[in-house]
Amino acid sequence: MADTVSPALVRLAARHRLAVTVEDNTRTGGLGSLPAQVMADAAVTTPVVGLGLPHAFLPHGPRHRLLTEAGLTPDAITRTVLRARDGMPPRDEPASAGSPAVPGRAR
């Protein structure tokens, strides 16, 4: 796993109003968090939206189903990015108090 982010990527992110990382692994401690940390260290204030699997026990199943349920399909990623770009929370509110929000899924 890479442990650094190209300075060119940091400069590119600084020129935009939103940066997005997408990974098909857990977001907690995942590779997607590295650009956000490097950007913060460089005083880049561009918001970063990190998309990935939740930090939770996931049921076994086909990869495509797990990614769909986590909002990691092309359509769901697009909706999440557009919401974030428009200043809205990137994910929908949870359907109930005990269930996690799933990006792109209506209540």
Side-chain angles (χ1 to χ4, degrees):
M1 177 169 94
D3 58 0
T4 187
V5 174
S6 168
L9 184 62
V10 174
R11 289 190 302 273
L12 180 65
R15 296 194 323 254
H16 290 82
R17 61 180 169 168
L18 180 68
V20 179
T21 64
V22 181
E23 59 183 307
D24 63 352
N25 201 345
T26 183
R27 290 175 2 127
T28 305
L31 185 59
S33 62
L34 184 61
Q37 183 61 53
V38 172
M39 288 169 53
D41 291 348
V44 172
T45 60
T46 303
V48 179
V49 173
L51 303 176
L53 296 174
H55 182 69
F57 177 78
L58 298 175
H60 292 285
R63 182 176 185 272
H64 73 275
R65 190 186 82 211
L66 297 175
L67 294 177
T68 298
E69 290 175 1
L72 295 176
T73 64
D75 288 341
I77 291 168
T78 300
R79 282 191 301 274
T80 300
V81 170
L82 292 176
R83 286 176 59 88
R85 181 202 65 186
D86 293 340
M88 298 167 57
R91 291 176 176 78
D92 294 334
E93 293 299 318
S96 66
S99 63
V102 177
R105 191 178 279 180
R107 291 200 260 186

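Between Val49 and Ala84 the shortest heavy-atom distance is CG2-CB, 3.7 Å. Pro35 and Thr21 get closest at one heavy-atom pair: CG-CG2, 4.0 Å. Across Arg65 and His60, no two heavy atoms sit closer than the pair NH2-O, 3.0 Å. In terms of heavy atoms, Leu66 sits closest to Leu53 at O-CD2, 4.3 Å. Minimum interatomic distance between Gly71 and Ala76 (heavy atoms only, all atoms of both residues): O-CB, 3.4 Å.
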| message | For Met39 and Leu9: C-alpha separation, side-chain torsions, deciding distance, then whether side-chain contact (heavy atoms from CB on, under 4.5 Å) applies. | response | CA-CA 9 Å; Met39 288 169 53; Leu9 184 62; over 6 Å; no
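If you take CE on Met88 and OG1 on Thr80, they are separated by 10.5 Å, rounding to the nearest 0.5 Å. Between Leu72 atom CG and Arg63 atom CZ the span is 9.0 Å, to the nearest 0.5 Å. Expressed to the nearest 0.5 Å, how far OG1 of Thr46 lies from CG of Leu12 amounts to 9.5 Å. Remark: His16 NE2 to Arg85 CZ distance equals 13.0 Å, nearest 0.5 Å.
When hydrophobic clusters are built by joining Ile, Leu, Val, Met, Phe, Trp and Tyr residues whose side-chain heavy atoms come closer than 4.5 Å, directly or via intermediates, Val22 is grouped together with Leu18. Cluster membership for Leu58 and Leu67, using ILVMFWY side-chain heavy atoms within less than 4.5 angstrom, is shared.
Side chain of Glu23 to main chain of Gly32: a donor-acceptor pair is present (N/O by atom type, distance under 3.5 Å, no hydrogens or angles). Arg27 places a side-chain N or O within donor-acceptor distance of the main-chain N or O of Gly50, the cut-off being under 3.5 Å. Between the side chain of Thr68 and the main chain of His64, a donor-acceptor pair closer than 3.5 Å is present.
Within the 4.5 Å cutoff, the side chain of Asn25 has no heavy atoms near those of the Leu31 side chain. The side-chain heavy atoms of Pro7 and Arg11, taken from C-beta on, include a pair separated by under 4.5 Å. Annotation: side chain of Val48 is not in contact with side chain of Val20 (no heavy-atom distance under 4.5 Å).
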